[in-house]
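Residue numbers count from 1 along this sequence.
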Amino acid sequence: MIVPLEWKGDRLRVLDQTKLPKDEVWMTLTNYRDVAYAIKTLQIRGAPAIGIGTGYGIALGAIYSKETKPDKFASELGEVFATLGATRPTARNLFSAIERMKKAIGLENDIEQLKRILVSEAVAIHAEQIQADRTLSILGASLIEPGATILTHCNTGPLATAGYGTALGVVICAFAQGKVEKVIPTETRPLCQGSRLTTWELKQAGIPFRLITDSMAGYVMSRGIVDAVIVGADRIAGNGDTANKIGTYTLAVLAKENSIPFYVAAPTTTIDKSIATGTEIVIEERAPDEVTCIAGVRIASDGTEVFNPSFDVTPARYITAIITEEAIARPPYNFI
Ligand code: MRU
């Protein structure tokens, strides 16, 4: 299993996802600001991995603090929470991790004790994600029929969760059970997480695949060669509306039109119980050059105006089932 985040007791090793698949570059981070930068720039990406990186970032902010007075230490920690919290607004796991780390602190104000608590909480978040991945993957695999061809979007494997994977975890598990014939990953423009990262993971797992561009999905589904679509999630509202990588909504509508089951796989830490519907989900917008350029090469003409929403929201009515580590939920969804 690929482990893109490694905690080394006092530092975080990170596999830089922006360099894959060409180069496997590992970074060693000790400063929480570098962790925030890594999350913002997608060196660490995928909602669950972002949550884990956030936990470790907070732990680093605490252990490298030089403050000796509890009130000054608390205000420095406040800065750590704010910096990490300002990186990627849509990924629910980022905020689940911050809320959990704040809760772990409780009323403790001994600085050394706080450092120990925050490190062990970050390690626990990571361990629980690995466990959740495995459980939801086994549950999700029960939905896959033998001989299946599965279409998936973006990247939801070990890289995206620092574990086993969510949607791709289901695929990997079903493949191990002999039920998956082929995977169709979409390219996932603008940043090509499908063509760069999912193909890399599928190759490592030895799973046969055939890459398509995002615009080919309708044609491929209409030919009757897709048995199921499985995607991950960045945030799931109480009613099941799901924010995920831009293009997911299009795939869900196409799946319904072609009578193909459309599954979402995510840990319960991605569910946002504070919002009733997807209309309340904040959608991250990213820099124009992600659209005007491919792999650093400009392809759009100078002065081109760009709209670059990183995610979209798939209404719950398009989702056949939501797979978490607790259960396979079917409509009508009610997570609150
Ligand atoms: O912008 P990214 O690459 O962080 O977006 C990732 C996705 O949209 C994934 O599908 C989602 O986070 C689920 S990862 C298991």
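Of the inter-residue distances, the one linking L197 atom CG with C192 atom SG reads 9.5 Å to the nearest 0.5 angstrom. In this structure, CD1 in I260 is found 8.5 Å from CG in L254, a value given to the nearest 0.5 Å.
Within the 4.5 Å cutoff, the side chain of T270 has no heavy atoms near those of the T242 side chain. Using a 4.5 Å heavy-atom threshold, the side chains of L84 and I58 count as touching.
Using a 3.5 Å distance cut-off with no hydrogens or angles, the side chains of T277 and N239 do not pair a donor with an acceptor. A donor-acceptor pair shorter than 3.5 Å can be found between the side chains of Q113 and R116. No hydrogens or angles considered: nothing links the side chains of T90 and D234 as a donor-acceptor pair under 3.5 Å. With no hydrogens or angles considered, no side-chain donor-acceptor pair links E285 and N308 at under 3.5 Å.
Judged by the 6.0 Å and 45° rule, K245 forms a cation-pi pair with F311. A cation-pi contact, defined as under 6.0 Å to the ring centre and within 45° of the axis, links K102 to F81.
Using the six-membered ring where Trp is involved, W7 and Y56 have ring planes that are parallel, under 30° apart on the 30 and 60° scheme.
Ion pairing of D214 with R189 is absent here, as no side-chain N (NZ or NE/NH1/NH2) approaches a carboxylate O to less than 4.0 Å.
Heavy-atom neighbours of E145 CD from other residues, nucleotides or ligands within 6.0 Å: at or below the threshold of 12.
In this view, E201 and N155 satisfy the side chain to side chain donor-acceptor pair (under 3.5 Å) rule, not counting sequence neighbours.
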